[in-house]
Every structure is written in C-alpha cells, then in structure tokens.
Amino acid sequence: MPKDNTTPTSTSPRDWVRILASYREPNSLRSSFELAISFVPFVGLWILACWVAQYSYLGAFLISALNGGFLLRLFCIQHDCGHGSFYGNRTVSDWVGRVLGVVTLTPYDVWRRTHSIHHSHAGDLDHRGIGDVMTLTVEEYHQRTPFGRFMYRAYRHPLVMFGLGPTYLFILQNRLPLGLMDQGKKYWISAMGTNAAIAAILGTIVYFGGLQALFLVFLPTTLIAASVGVWLFYVQHQFETTHWEQAPDWQLHEAALHGSSHYDLPPILRWFTANIGIHHVHHLYSRIPFYRLTEVLRDHQELIEVSRLTMLQSVKCASLDLWDEKKRRLVSFAAARRAAA
C-alpha cells in the first residue's frame, strides 16, 4: 500500500505548489493533437462498430468495449478543460469541455462546479457530499440506525460502487444539476442543453443504426468508460493511508499531496487515462496539463513514491469503507467490527 501519509517529503506541500507552477503552461498545438488522436479514433470505432453489428453482435460489442477507453480519455480531456489547463484561452477550454460533455453525458458547467468543490474540500471531514465518494467515520457509522448502516454498506458494495453506481450517475443523475439546483439558471442551462444535444444524437443514431446501435455500441462504450472512470476516481482518494481531517486541522495543500494517490499504471493505461493516476500532483496544482504531469515525476522523483499504488495494491481499496479517526486509516467493515468488539 502507499507509504504512510505522515511520512514527510523533503519539500513541504506549499513549496511544491511554488515548484509546480513552472509546469502550468499548456501548448495549444499539443493539446489539439491530444484531442484529435482521442476524438477521431472514438468516432471511427463508433462507425466501425455500427457496421460490424450488421454481421456480428459480439464483434460490435468488443469494438465498443475498446472504444470505452477512448471515451474515458475524452472525459479526462474534458476534466483538464474544467481546470483551465488544456488551452491557455479559458473560453476555448470551456467550449471544448461543453462539446465533450455531450459525448460523455456530463453537463460541463455543472460538473466543473461540483468538481471545483471537490478540489477545494478534499479530505475535509466537515465538507463532504458534493463531488466525492461518500465516506463515513467509524463513529458515524455506528451511530446510524440498522437501516442506515445497511444503506451505507449497500452504497459501498463493489457491485453498486463500480456497476450500478456509474450507470445511475451518467445515465440518470447527470440529467439534473443535482447539488446546484438552486444556484442559478446557468447550471440548468448546462444540464438541459446537454440533455437536448444527447437526445438529438441518440435519435440520429437510432434512426440510422437502429436499436442495435444503441444497445451494442452506445451503451457498452458508455458504461464501460463510466465504470472504469469511477474506479479511477475511487482509488485516487479511497486508499488506506489517505488524508482526512476536521476543519480546524485541515490544510488544503497537505490534503492534496497526502489525500490523493499516485496510481502507477502501465504505459498503455496511463495513455488511455491521460495520466490522471498522477493525482497527487494534479491536486497540488490542477492547472498542469495532463501531458506535462509525467515531466513533473521525471524532474522530481521524490514525488513518485508519495502515496504510490500499483494495480495489484489497488484491489484492496475496494474493501476499505470507513475512516478510523483513531488509527488515521481507512478500514474495512470487518476491521471496524473487530475493533469495536
């Protein structure tokens, strides 16, 4: 598992912010290239899968599953647009993000606001509930009614967290600006505008490709990308030695460095996930374009081992459910039960 979050680095989190500022400038040509090599294959595989579906349902499904990787990468690019790190021009970044939001079924302005809240309060026990994975402390869990504990256990179950949950999130929840419904018309316009564009595209798909294009191409691509994306977000913050504090002791940069993992993926997966696994660096300085995050690790190897998770180690994260404030660890339901016995 990652090294203990109390293990200090030779550089303080605040000093890292100053150092990382030199990596913030995007290259417009590089950004456009990264967008093109993600979007063009995505569209091409969509068309190929629809054509193959006439002859082989399995073939169409397999192509669509592969295309989930390109959809995931497009979401990660949308993510960079939301941070203003993909293009130097904020207006360009926002409109690229809005277009990609139709493809990823995510209303861009709504997501950008809730994600900003996540960055502003990650690891803060007094500000949970928007843009994050719901996490209870051991004490909070034991204070719940039996039904409340059952509902929380159901929510944290892997089949819900990485199966039903992503489906609900991207197909249903994103259709309304939940969490921001009373924050002004901007978020309603974002959600309803995205919904209208999605409806028009899906209508076109069904008109030309029939229901098989919907069920063999659109749904597999979307749901596979959604499930993998939720898993990535989960392991980026839900690892054993993550960082949680009550508001008086919570520090933004400390939480960014030690409350976000370095999910050390194989090169091909780093490409499809647009380096989002280098999440501790991203949280320390979110304006760094994804293609420059590897430069940071190359130049500052001290950051490589901070909260580092391999794929094999990350599997254990799925069984971590509660924050133990005494041990300062995420623990499983079983471990919490043994400690209370």
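Given the structure is predicted, the values throughout are model-derived calculations rather than measurements.
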Looking at every heavy atom in both Ala225 and Leu71, which two are closest together, and how far apart are they?
CB-CD2, 3.8 Å
When the ring planes of His280 and His262 are compared, do they come out parallel, tilted or perpendicular, using 30° and 60° as the limits?
parallel
Check this for me, if you would: do Glu140 and Arg128 make a salt bridge, where the nitrogen-to-carboxylate-oxygen distance has to be below 4.0 angstrom?
yes
Using 4.0 Å as the upper bound for N to carboxylate O, is an ion pair formed by Asp94 and Arg90?
yes
OH/Tyr141: more than 12 non-hydrogen atoms of other groups inside 6.0 Å
yes
Those residues at least two apart in sequence (or on a different chain) that pass salt bridge (charged side-chain N to carboxylate O under 4.0 Å, His left out) with Arg292 are Glu295
Thr106 vs Gln78, side-chain hydrogen bond (donor to acceptor under 3.5 Å, both in side chains): CA-CA, chis, key distance, verdict:
CA-CA 10 Å; Thr106 306; Gln78 175 188 329; 4.7 Å; no
Could you pull out the closest heavy-atom pair between Ala49 and Ile63, with the gap in Å?
CB-CG2, 3.8 Å
Indicate yes or no for a side-chain donor-acceptor contact from Asn195 to the backbone of Ala191 under 3.5 Å, with no hydrogens or angles considered.
yes
Heavy-atom check, side chain of Phe70 versus side chain of Phe272, under 4.5 Å
yes
Honestly, is Arg24 close enough over Tyr285, meaning NZ or CZ under 6.0 Å from the six-membered ring centre and within 45° of the axis?
no
Take His300 and Trp16 through the ring-ring contact (aromatic ring centres under 6.0 Å, His included) test and state the conclusion after the steps.
CA-CA 10 Å; His300 306 283; Trp16 276 122; 5.4 Å; yes
Not counting sequence neighbours, which residues clear ring-ring contact (aromatic ring centres under 6.0 Å, His included) with His79? List them please.
His83, Trp111, His115, His282
What are the two closest non-hydrogen atoms of Ala226 and Phe170, and how far apart are they?
CB-CD1, 3.5 Å
Name of the residue among Thr294, Leu257, Val296 meeting side chain to side chain contact (heavy atoms under 4.5 Å, CB included) with Val281
Val296
Looking at every non-hydrogen atom in both residues, tell me the closest pair between Ala318 and Trp231 and how far apart they are.
CB-CZ3, 4.1 Å
Considering all heavy atoms of both residues, which atom of Thr194 and which atom of Gly101 are nearest to each other, and what is their separation?
CG2-O, 3.8 Å
Can you confirm whether Tyr263 sits close enough to His279 that some side-chain heavy atom of one is under 4.5 Å from a side-chain heavy atom of the other?
no
List for me each residue that meets salt bridge (charged side-chain N to carboxylate O under 4.0 Å, His left out) alongside Arg144, sequence neighbours excluded, and say none if there are none.
none
Ser64 side chain to Leu216 backbone, donor-acceptor under 3.5 Å
yes
Between Thr242 and Trp323, what is the shortest heavy-atom contact and its length?
O-CH2, 3.4 Å
Looking only at atom types and distance, does a side-chain atom of Asp264 sit under 3.5 Å from a main-chain N or O of Arg308, one as donor and one as acceptor?
no
Applying side chain to side chain contact (heavy atoms under 4.5 Å, CB included) to Thr137 and Asp324, what does each step give before you reach the verdict?
CA-CA 6 Å; Thr137 67; Asp324 189 319; over 6 Å; no
Does Leu320 form a side chain to side chain contact (heavy atoms under 4.5 Å, CB included) with Gln238? I'd like the steps, not just the answer.
CA-CA 7 Å; Leu320 301 176; Gln238 298 281 315; over 6 Å; no
Would you sort out whether Tyr23 and Asp299 count as a side-chain hydrogen bond (donor to acceptor under 3.5 Å, both in side chains), showing the intermediate values?
CA-CA 11 Å; Tyr23 297 88; Asp299 297 343; 2.7 Å; yes
Determine yes or no for a side-chain-to-main-chain donor-acceptor pair under 3.5 angstrom, with Ser93 supplying the side chain and Gly84 the backbone.
no
A cation-pi test, strictly: NZ or CZ of Arg328 under 6.0 Å from the centre of the six-membered ring of Trp244 and no more than 45 degrees from its axis. Yes or no?
no
